[in-house]
Number of protein chains: 2
Amino acid sequence: MDVPTVKTGTRSRDPERTRAQLMEAALTEFGDHGFHGARVDRITKAVGCNARLLYHYFSSKEKLYIAALEHIFTDIRAQERQLELERLPPRAAMERLVGFTFDFFDSNPLFVKIARNENLLEGRYIVQTEAVRASSLPLMDAITQILEQGYREGAFAHRYDPLQLYVTIVAISAHHLNNGHTFSVIFGVDLLSPEWRAERRRHAIAFVMNALDAAPAQS
Amino acid sequence: MDVPTVKTGTRSRDPERTRAQLMEAALTEFGDHGFHGARVDRITKAVGCNARLLYHYFSSKEKLYIAALEHIFTDIRAQERQLELERLPPRAAMERLVGFTFDFFDSNPLFVKIARNENLLEGRYIVQTEAVRASSLPLMDAITQILEQGYREGAFAHRYDPLQLYVTIVAISAHHLNNGHTFSVIFGVDLLSPEWRAERRRHAIAFVMNALDAAPAQS
DNA sequence: CCCCTAAGTAAGAAATTTATGAATTAAATC
DNA sequence: GATTTAATTCATAAATTTCTTACTTAGGGG
């Protein structure tokens, strides 16, 4: 990152840096190629360290992948906690929640990619990690609260199951990122361009608000 | 499929059958493991033919993958054409369209998996195929028509861009299939169980209809 | 300043996986 | 029934990729 990694000869000793660099490179590599497509060789080359070090720190390609998985999934939690919706009225809270969810996926392509690959592998590794299971997510709690209050106050006309609604919000926010390449070819429109994504954001918020029947939202 | 493939020695000659079996097995293999995770060896073993045959018919693993991709994407078209919406009034047509889209993904897991993998590879291969590009899909035309008529007749209160709406319909229909494994671990609910999927279907239709503000839909 | 631990290097073994050359034989054609 | 075509087999080359054994050296604690 900071030191431009001396090509030949000796590499200065700094276990923390080396470990962190390997993790960083692993996230990119696994994100770009998936578990099977990833090459330990490329990872160590990207870091500029000897191939043996990867095994020194992570034992095997598989263990490295699992570490990367845990790393990125625990990382979300921190971001989620930054969102504070308690004080906002239901409609404003919901708009902010959808916007936040959208922005999260939009600005964390690595998360999107690694999650996709883990699903390709049928969750083989994520089921093994303890760190990921959380009986209730902050965002889920927030949704449940917002809906409750919205129904009570008459801000929302329709009732939805919180989990169904959350899956829907994520779906609308992330599907074009997950399937952008195939969709773009089929429709002849680049769903991954900044312009399309910006318009998608507006659509996402409007669509969800309309489905809740929050009067002021339009289009 | 029909003949239980003789284990040793001689395999009866039937190029079409062999080719079809290889394609079938390839779809499963690529779907289950992705391009890099797929093994030509497993494919030929599944068919029960000699490993050399795969190269005889498809030249390389890569060419086989591309053939599989084309196969499954052109297959959709046939299914899409079966949907006839022209005669239905806008609300009924939209409900049917959403239901159809949902059912398509629900009953074509192979398509879902292969599309996911192709997106993992950033659409590297789909851009090479001619067969997939279709300037306008039957379903897109249908949506445009339904929306037009719905607005005109006052059945729909909100206006949406047809492509945005279609992406949303697909998103709501397929996201739990694309990300079922990670979501299930995180939420402790099996999003891939028949029960959850059945409930998801109801939610999908209700949500879209409400977002269009088609009065009778509820929940 | 020495010693010891672990960070790092060099080189290549081991295992896996894709692909091919060349012979064999079943079926289609005339 | 001879001839031809290509479907199928056998054996193995070629390439790739993960991982290990053995060695070297930097740097901190006493």
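Every value quoted in this text rests on a predicted model; they were computed, and no experiment measured them. In what follows, chains are A, B, ... by sequence order, proteins preceding strands, each numbered from 1. Atom set for the values below is all heavy atoms of this structure, side chains included, hydrogens, waters and symmetry mates excluded.
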Reckon B/T18 has a side-chain N or O less than 4.0 Å from the OP1 or OP2 of D/dT8? yes
Rounded distance (Å) that lies between atom P of C/dA7 and atom CZ of A/R19: 10 Å
Can any side-chain N or O of A/N119 pair as donor or acceptor with the backbone N or O of B/T182 at less than 3.5 Å? yes
Within the 4.0 Å heavy-atom criterion, would you say A/F58 contacts the bases, only the backbone, or no part of the nucleic acid? nothing
Nearest-nucleotide comparison on DNA chain D, the residue closer to the 5′ end among B/P15 and A/N50: B/P15
So for A/R52 and D/dT21, does any side-chain atom that can act as donor or acceptor lie under 3.5 Å from a complementary atom in the base? yes
Between B/E199 and B/E195, is there a donor-acceptor pair closer than 3.5 Å when you use the side chain of the first and the backbone of the second? no
Can you tell me how far C1' of C/dT18 sits from NE2 of B/H56, to the nearest Å? 18 Å
Taking only the side-chain nitrogens and oxygens of B/Y57, find out if one of them lies under 4.0 Å from OP1 or OP2 of D/dA6. no
Nearest whole angstrom, please: distance from the P of C/dA10 to the CG of A/L53. 11 Å
Nearest-Å distance for atom pair CD/P, residues B/E16 and D/dA6: 14 Å
Steps toward side chain to side chain contact (heavy atoms under 4.5 Å, CB included) verdict (B/R116, B/F111): CA-CA 8 Å; B/R116 171 170 47 200; B/F111 178 81; over 6 Å; no
Nearest heavy-atom contact between A/T44 and A/A51 is CG2-CA, 3.6 Å
Would you tell me if any nitrogen or oxygen in the side chain of B/Y55 comes within less than 4.0 Å of OP1 or OP2 on C/dT20? no
